[in-house]
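The block underneath contains the structure these notes are about, expressed in C-alpha cells.
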Amino acid sequence: MPGGLVALLDDVAVIARTAAASIDDIGIAASRAGTKAAGVVIDDAAVTPSYVTGLSPARELPIIWKITKGSLKNKLLILLPGALILSEFLPAAIVFVLMLGGLYLSYEGAEKVVEKLGGAKHGKTLEDPIDDLEEFEKQRTSGAIRTDLILSAEIMAITLNEVAAETLLTRAGVLAVVGIAITVVVYGAVALIVKMDDVGLHLSKRDSTVAQKVGHFLLAAMPKLLTVLSVVGTVAMLWVGGGILIHALHELGIHNLSDFSHGLQHGVEELTGGMGGFLGWLTYAGISALIGLIVGAVLVFILHKVFKLGHETGASG
C-alpha cells in the first residue's frame, strides 16, 4: 500500500508539473496569437457600438451583455470545438477558413465605403420607420452576434494558425484564453464607450466646475468618437481582410502580392531610419487595406448588382 501511495503521489506530481508547463506554454502562445488577432479586435470594438447607438440608454448595457454572452457561446461552444477538430483531422483547411473570413471582412468594409460614398444602404436603421422597437432590438442583437461569429472565427483561425504545432491541450487552452480575454476586453471597452455620454451628463450636473467641464467635454466628444470608431472599424475590416488574403495566398504558393507588399514594407523601413518600423508597418497595412477594398468592391458589385442580394435585409449591421 505505501508503495502504491508513493507511486500515486509521484504520478500526481508529474501531472502537476506537466500542467504547470502547459499553462506556461498556453500563456506564451496566447500572447503571441493575441497580438496577431489584434486587427480583428480593433474592428470588433469599433463596429459593436453601432448596434446600440440611438436606442434607449436604459437598453444599452443589457444589449451589450446579451451580445457578450452570445460572443462567448460563439467562441467556446461553437468555434473552439470546431477549430480543434479541424486542426486535428484537417489542418490544411485552416488556410481556406482564413480566406473565407478575409473575403467577408473585405466585403463588409467595402460595402461601408460604398455607402459612405453615396451608394445604396443595406439593412434597416433607426432613421427608417420602426413599427416594433422590441423586435428591432432583437434583430440588432442577433445581427451583432452573427457578425461577432464571423469576427470570432477569424480570431480563432488566426490563433490556431499561430499554435498549430502545439499539443492538443495547449491549442485548446490558448483558444479558450484568447477567446475569453478578447471578449472581456472588447465588450468591456464597448460598454465604456456607449455609456460615456451618460457619465458626461451626470458630471455636467454636478456642483463642481471641474466636473462640469469634464462632463461637457465628454458630451461633446462622444459623437466625434463614434465617428472616428466608425472610420477605424471600416479601415480595420479592409486592413485585416486584405492582410489575411495576402497571407493565405502566400500559404497556397501564390507569392506575388506577399513579395511585393513585404518588399515595399522593407524598402520603407530602410529609407526612414528611426521611424522605419512604424512607417513600414503602416505601408504594409495600407497595401492590405487597398487589396481588401478592391476585392471587397468586386464582391459588393457581384452580390448587390448581379445577384441582387442584400437589398432587403442587408449584410452589415
Side-chain angles (χ1 to χ4, degrees), residues 18-49 64-102 104-105 108 144-193 232-233 236-237 239-241 243-245 247-248 251 281 285 288:
T18 303
S22 296
I23 290 171
D24 188 50
D25 291 342
I26 287 169
I28 295 170
S31 175
R32 187 172 72 244
T35 301
K36 291 286 186 177
V40 186
V41 174
I42 293 170
D43 170 61
D44 212 353
V47 169
T48 305
I64 291 171
W65 176 235
K66 286 181 182 179
I67 297 172
T68 303
K69 289 190 291 184
S71 178
L72 286 171
K73 289 178 181 177
N74 285 341
K75 292 180 178 74
L76 301 181
L77 300 183
I78 299 173
L79 296 172
L80 192 153
L84 290 177
I85 292 171
L86 195 65
S87 67
E88 194 70 14
F89 299 105
L90 198 59
I94 295 173
V95 67
F96 296 102
V97 174
L98 282 169
M99 285 194 74
L100 286 174
Y104 175 83
L105 291 172
E108 282 278 284
I145 293 173
R146 284 195 300 272
T147 299
D148 175 272
L149 180 63
I150 301 296
L151 297 173
S152 295
E154 281 306 286
I155 290 168
M156 300 301 253
I158 291 168
T159 302
L160 190 60
N161 196 50
E162 286 298 304
V163 297
E166 305 290 344
T167 64
L168 180 64
L169 177 62
T170 301
R171 271 178 276 147
V174 170
L175 288 170
V177 168
V178 170
I180 293 171
I182 282 177
T183 302
V184 171
V185 169
V186 167
Y187 292 106
V190 169
L192 288 174
I193 290 168
V232 169
M237 278 185 173
W239 155 42
V240 176
I244 287 170
L245 293 175
H247 174 75
E251 290 286 315
W281 171 84
S288 299

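These numbers come from the heavy atoms of this one structure, side chains and all, not from hydrogens, waters or symmetry mates.
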What are the two closest heavy atoms between [X] and [Y], and how far apart are they?
X	Y	result
Ser288	Trp239	CB-O, 3.4 Å
Asn74	Ile145	ND2-O, 3.2 Å
Leu80	Ala172	CD1-O, 3.9 Å
Ala93	Leu86	CB-CD1, 3.8 Å
Leu76	Ala176	CD2-CA, 4.2 Å
Leu245	Met99	CD2-O, 3.7 Å

Say you draw a straight line from [atom1] of [X] to [atom2] of [Y]; how long is it, rounded to the nearest 0.5 Å?
X	Y	atom1	atom2	value
Leu72	Ile182	CG	CD1	11.5 Å
Leu175	Ile180	CG	CD1	11.0 Å
Leu160	Leu84	CG	CG	7.5 Å
Ile64	Lys66	CD1	NZ	12.5 Å

Donor-acceptor contact present, side-chain Ser71 to main-chain Ile67, <3.5 Å: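 No: the side chain of Ser71 does not pair with the backbone of Ile67.
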
Note, Lys75 side chain near Asp148 side chain (heavy atom, < 4.5 Å):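 Yes, close enough: below the 4.5 Å cut-off.
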
Leu149 and Leu79, any side-chain heavy atoms less than 4.5 Å apart: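 A side-chain contact under 4.5 Å exists here.
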
Stepwise side chain to side chain contact (heavy atoms under 4.5 Å, CB included) test for Met156 and Val178: CA-CA 8 Å; Met156 300 301 253; Val178 170; 5.6 Å; no

